[in-house]
Amino acid sequence: MALNYLWIAFFVIAFVVALIRLIFFGDTEIFKLIIDGTFESAKVGVMDIALPLVGIMTLWLGIMNIGEKAGAINFLSRIIGPFFSRIFPEVPKNHPATGHMVMNFSANLLGLDNAATPFGLKAMQSLQEINPDKDTASNAQIMFLVLHTSGLTLIPLSIMAQRAILGAADPSDIFIPCMIATYVATVVGMIAVAIKQKINLFNRVVISWLGGITLFLVGLIFYFSNYLSKSEIEVVSKVASNFILFFIIIAFILGALRKKVNVYEAFIEGAKGGFTTCITIIPYLIGMLVAIGVLRNSGVLGYIVDGFTWCFMHTGLNTDFTPALPTALIKPLSGSGAKAMMVDTMKTFGPDSFVGRLSCIFNGSADTTFYIVALYFGSVGIKKTRYAIPMGLIADLAGIIAAVFVAYLFFH
């Protein structure tokens, strides 16, 4: 129901604001802008997202099926099972969903969005198999979605590449701040959902895993900062991420051969689900993208940013960060919108300005909550999202606050 009311609110608020702009400010183009935006959003949903996703889904669902028959997914489930059994208590021990979620998180960590989405959709389908109420999101599905929307990424390659294109003196200088902000978002999202679901995180297994991950990230940051140049960081991250992804494919194939699986038939069997999955998500995807486009084109987001700026000015706080807020506000709604806003901010203020860098950190601190809710829950027919959106937004807010703090620490 939350998604239902939210979707309605987007349209009603946009209409009211547009009507005010027409009556009181004489903006005769506003409704044309909104309607043109609905057509554009619908086109983007099908032509730029769903159709390209068909090929990607077909490929990776085929690869995933090979991995399942090779036993790789169960192997991953056994390794990370002790940790996941604590934060996903409803998922049976060594269930394939655990392996699918590990693959999704791994692809996200490496910044491989094209691979992360098929892995994530497969994980959601596996969790749906053990969901007793098919119309309602389960606790496990909500925890998975919130962890996914927090967008934990080791190295934000696409952001660094965009900074390089725009002539930043040091395109990778936002690498460490982005990593810190997205890690904060992930941990806060996990804690928030754990409190809601009454999951005890204060046990040896969870503390050990979180402590180990934290030490790994700190060590990685220390090594990259002290022993690699900025250009070397980009080369290492690019080579490592793509090498690991191709290594996974080879490992799945060789594992399947070892078990005397017909690899090609296994690929075809899994790949057949790619088209069906993408067709299923189109209505959910277009519905959410159009609603977001309406809200953006009506000017509502701009007014919200102005309101935040006014509030912060009257509290006596430093407001140097407020020009970057549009990126933070659009990110939960639209990944492409946030990227466009980030680019526009860097063009306006300069890629090496405080605002330009903060906009990049905002873009790398979390993922597109509303888009992911529509995509992932829509792929399995879930209509009642329960508290998934509020928890996802809590993680986003934590990422935004962390981004502001680290930006002041590193660049102000």
Side-chain angles (χ1 to χ4, degrees), residues 52-131 134 138 140-141 144 147-148 154 205 209 212 238-281 375-376 379-381:
L53 190 59
V54 170
I56 297 168
M57 285 293 297
T58 300
L59 168 65
W60 284 105
L61 287 181
I63 297 295
M64 287 288 284
N65 196 49
I66 295 173
E68 286 187 37
K69 293 187 179 299
I73 303 301
N74 287 332
F75 175 73
L76 289 171
S77 300
R78 288 195 299 271
I79 292 176
I80 204 169
F83 174 62
F84 270 30
S85 66
R86 268 68 175 187
I87 63 174
F88 295 98
E90 296 177 355
V91 179
K93 185 179 180 181
N94 297 331
H95 191 277
T98 301
H100 296 149
M101 288 189 285
V102 172
M103 296 299 295
N104 171 256
F105 293 143
S106 299
N108 266 333
L109 281 172
L110 297 170
L112 303 168
D113 296 338
N114 287 346
T117 300
F119 291 152
L121 291 173
K122 184 66 175 178
M124 188 60 72
Q125 290 168 2
S126 297
L127 292 172
Q128 183 71 348
E129 293 173 3
I130 55 176
N131 182 7
K134 302 302 182 185
S138 67
Q141 287 173 318
F144 168 66
L147 291 179
H148 183 66
L154 287 179
V205 174
W209 272 88
K238 185 188 303 180
V239 172
S241 58
N242 289 286
F243 168 80
I244 291 172
L245 191 61
F246 193 59
F247 175 79
I248 289 172
I249 297 174
I250 296 300
F252 282 4
I253 292 173
L254 294 179
L257 280 174
R258 182 174 174 271
K259 287 202 168 188
K260 295 181 172 55
V261 173
N262 187 319
V263 178
Y264 184 69
E265 284 188 6
F267 173 81
I268 296 300
E269 178 187 336
K272 288 178 180 178
F275 183 78
T276 304
T277 301
C278 292
I279 294 299
T280 302
I281 65 175
L375 181 69
Y376 281 53
S379 69
V380 292

Sort and list the pairs that fulfil salt bridge (Lys or Arg N to Asp or Glu O under 4.0 Å) and have at least one residue in residues 245-255, not counting sequence neighbours.
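As it turns out, there is no salt bridge (Lys or Arg N to Asp or Glu O under 4.0 Å) pair with a partner in residues 245-255 once direct neighbours are skipped.
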N/O donor to acceptor pairs below 3.5 angstrom from side-chain atoms of residues 119-127, sequence neighbours left out:
unit_1, atom_1, unit_2, atom_2, d
Q125, NE2, T277, OG1, 3.3
S126, OG, H100, ND1, 2.6
S126, OG, K122, O, 3.1

With sequence neighbours excluded, what pairs up with F252 under the ring pair (Phe, Tyr, Trp, His ring centres under 6.0 Å) test?
none
Which pair of heavy atoms, one from [X] and one from [Y], lies closest together, and at what distance?
X: I63; Y: I249; value: CD1-CG2, 4.0 Å
X: N65; Y: A266; value: ND2-O, 2.7 Å
X: S138; Y: E90; value: CB-OE1, 4.0 Å
X: L61; Y: G270; value: CB-O, 3.4 Å

Inspect the surroundings of NZ in K134 and state if more than 12 heavy atoms from other residues, nucleotides or ligands are less than 6.0 Å away.
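More than 12 heavy atoms, drawn from other residues, nucleotides or ligands, come within 6.0 Å of this atom.
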Only pairs under 3.5 Å count here: list side-chain donor-acceptor contacts from residues 79-89, not counting sequence neighbours, and write none if there are none.
unit_1, atom_1, unit_2, atom_2, d
S85, OG, G81, O, 3.2
S85, OG, P82, O, 2.9
R86, NH1, P82, O, 3.0

H148: which residues meet the side chain to side chain donor-acceptor pair (under 3.5 Å) condition with it, sequence neighbours left out?
N104, N108, Y376
Within the 4.5 Å heavy-atom criterion, are V261 and I66 side-chain neighbours or not?
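Heavy-atom side-chain distance check fails, nothing below 4.5 Å.
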Please determine, by modelled atom types, if Q128 and N131 share a side-chain donor-acceptor pair under 3.5 angstrom.
yes
Quick one: pull up CD1 in I248 and CD1 in I253 and give me the separation to the nearest 0.5 Å.
12.0 Å
Salt bridge (charged side-chain N to carboxylate O under 4.0 Å, His left out) against E269, all qualifying residues, sequence neighbours excluded
K69
